[in-house]
2 protein chains.
Amino acid sequence: MGATILDVAKLCGYSKTTISRAFASPEKVSEKTRTIIYKAAKEINYTPDAIARAMVRKKTDNIGFIVADQQYPVVLNPFYSPVFEGVLRTCKEKGYSVFIASESDIHISTGQVYMKKQMDGVIICGQTDKATIESFKSQNIPVVLLNNIIDMDDLVCVAVDNYNGTVQAVEHLIQRGHVDIAIISGNFSPNVYNARYRAFVDTMKKHGLEIDERFVKRVEPSLEASMECTTQLLAQKREPTAIFATNDVIAIGAMKVALRAGYKLPEDLAIVGFDDSDYSEIVEPELSTVRINKLEIGKVASERLIEIIEGKAAEKEVILSETTLLVRATS
Amino acid sequence: MGATILDVAKLCGYSKTTISRAFASPEKVSEKTRTIIYKAAKEINYTPDAIARAMVRKKTDNIGFIVADQQYPVVLNPFYSPVFEGVLRTCKEKGYSVFIASESDIHISTGQVYMKKQMDGVIICGQTDKATIESFKSQNIPVVLLNNIIDMDDLVCVAVDNYNGTVQAVEHLIQRGHVDIAIISGNFSPNVYNARYRAFVDTMKKHGLEIDERFVKRVEPSLEASMECTTQLLAQKREPTAIFATNDVIAIGAMKVALRAGYKLPEDLAIVGFDDSDYSEIVEPELSTVRINKLEIGKVASERLIEIIEGKAAEKEVILSETTLLVRATS
DNA sequence: CTGTTAGCGCATTCAA
DNA sequence: TTGAATGCGCTAACAG
């Protein structure tokens, strides 16, 4: 079937070692030889076998991008998909390929534990537990945690500065003169949820503003849930003049309800989202939101991971990616 | 570092063959033995090495999802990302993992040719050439082509029925009484572009409708390009009463222009898109569009691929996925 | 710059 | 049901 290094060796008279070198480290072979070898290889359609190479080098040049099952649709997920793109780009640049896996992919059939290790390292996204991380480490597979913060030795975490992002959004609303500000929180992982919620509360307090309990909502981050919630919110005698939604989808649900009820945005109601997903520019009027540099998060996480794979000692670190407030047309 | 099968063997007294079997084909080992082995394995944190296994089995249980560089942002691409999700799901079900690669990933450093074969088969998306497909086949790597149709022996192609999708959209507009229908075509690959454009022309003719040349536009499929184009379109003395946009982003660009100019949709202008991307429900009013079953396309492509990987003879075949017209609020 | 020798960790014959 | 032996295709010392 596939030609092997031996076939090439036989064909052109060099030893298999030289053939190997011609492909793995061309600079160690004279140009003349190289040319001959490549020609022979081409003739019989030879390509180095990555598996055999990985076997002996103990390195696959692959990394895994692992997403918890609950968060599946990795790729459909407007947050993770740009992050993933960032990972892809830097990996490509550094010569790595990337696998997508869900948590269940990393457990072998015997049940209990672990994974099939075809990767030199992994980026774990969002929810996990220490045990999972430990199991990777115990197999000498470096881990970088993304969009989550767990307190463990030698663990690099890359996440969003949710707290400050929220402060930016809420202060902006306050500066615009809003006092009756509602929050619709998405039901995210504790880390994310807490940071955004606390920041909202703290910022309101800091500015001497009261938080009306009826203005504090928590929903699944879907269009429908948000629409239902917003409908209730606007049905109260005392209405908020501004809504801070904890992500763009929620914000857009709120927009829909307001628009259909004939509100003018932002005159009658200001809305600010979080994420700066593609949706925010798609929508009309365009949504004010807190921008997360998702590509960069992916980039940083994979850079750190690759450094560790390539020998740098892992040191405990939390990298918080800065957010930017994007004031567009809804606030 | 990582424990090997030998360490387990030493620890529990069985031969490495038995250990191997306990993991690779548990049913060939007595339950008692299995229990002992798993316990020992767990103790020293042993996991089968996927690379070594792949080496001897000549099978990696991986497939590659390959996207042309021009179409990169695979994942950011609202068309490919759900397709990819479909692939992911069926692969997971069948025990395969999936790699994402761009065309440039599959060429080795020596320049000219080919790939590192860590995959049992590949799905190639969109634009490619026969040479690329040939080179995979010559390495015994099965190929399924997705969203493109190329006439080659034993090649399975999975694509969208663009022609009929367009017919659905245009006939719907005609039934609504529209006569002055504009088309804004996205500058897609010839296959896609041609099918949609021809269908538009054919359908108009079939209904005895004239096509005003000023109503025929072709743009890059971006919001900006579409907005600019639509602005021109609506500035003409004679305005179209309906626009068929060849994808949702273009349609949404048109919506934006119309909405900002104070048009009511669909009363003043009807708009129909193509793709049924997430955007179409995000937008207000919600966009009428031609739904492509992207998950299914991914599913079918990967199912076919896996069949071939697992021994079924590849037969030349073109699978066209049916579309559905989704009439929402813009038509 | 090139060749020789030795495995990498596992699944697979074949025997017992 | 279990074990012993041979090799997958390649790279990495170490020499020459």
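Here the structure is a predicted model, which is why all the values come from computation and not from measurement. Chain letters run A, B, ... following the sequence lines, proteins first, then strands; residues in each count from 1.
- For A:T4, no side-chain nitrogen or oxygen approaches OP1 or OP2 of D:dG9 to under 4.0 Å.
- Counting to the nearest Å, the P atom of C:dG7 and the CD1 atom of B:I5 are 19 Å from each other.
- With distances taken from any side-chain atom of A:V56 to the nucleotides D:dT2, C:dG9, D:dT11, the minimum falls on D:dT11.
- Backbone-only engagement by A:T33 is indicated by non-hydrogen atom pairs under 4.0 Å involving sugar-phosphate atoms exclusively.
- Sequence order on DNA chain D of the closest nucleotides to B:M55 and A:T17 puts B:M55 first from the 5' end.
- The separation between B:D49 atom CG and D:dC8 atom P is 18 Å, rounded to whole Å.
- Applying the 4.0 Å criterion to OP1 and OP2 of C:dT2, one finds that A:T18 has every side-chain N and O outside that range.
- For A:R53, counting side-chain heavy atoms from C-beta on, the closest listed nucleotide (C:dA11, D:dT11, C:dT2) is D:dT11.
- With distances taken from any side-chain atom of B:K58 to the nucleotides C:dA11, D:dC8, C:dT2, the minimum falls on D:dC8.
- At whole-Å resolution of the value, NZ in B:K16 and C1' in C:dA11 are 9 Å apart.
- Look at C:dT12: its Watson-Crick or wobble partner, with both distances under 3.5 angstrom, is D:dA5.
- Distance A:I51 CD1 to C:dC10 P: 14 Å, rounded to the nearest Å.
- Separating the CG atom of B:L6 from the P atom of D:dG3 is a distance of 13 Å, rounded to the nearest angstrom.
- Spacing between atom CD1 of B:I37 and atom C1' of D:dG3 amounts to 12 Å, rounded to whole angstrom units.
- What you find for A:A22 and A:V29 is that their closest heavy atoms are N-CG2, 3.9 Å.
- Here the two rings, on B:Y193 and B:F188, have centers that are 6.0 Å apart or farther.
- Residue A:S20 is in base contact, counting any heavy-atom pair closer than 4.0 Å across all strands shown.
- Between A:E303 and A:K299 there is a salt bridge, since a side-chain N of the basic residue sits under 4.0 Å from a carboxylate O of the acidic one.
- Distance CD1 (A:I19) to C1' (C:dT4): 15 Å, rounded to an integer number of Å.
- For the P atoms, the distance from C:dA11 to D:dT11 is 22 Å, rounded to whole Å.
- The salt bridge (charged side-chain N to carboxylate O under 4.0 Å, His left out) test with B:D120 is passed by exactly one of B:R57, B:K59, B:K58, B:K94: B:K59.
- Side-chain nitrogen and oxygen atoms of B:Y46 include at least one within less than 4.0 Å of the OP1 or OP2 phosphate oxygen of C:dC10.
- Side-chain atoms of A:I124 and A:F65, non-hydrogen and from C-beta on, never get closer than 4.5 Å to each other.
- Rounded to whole angstrom, the span from the CZ atom of A:R21 across to the C1' atom of D:dA12 amounts to 9 Å.
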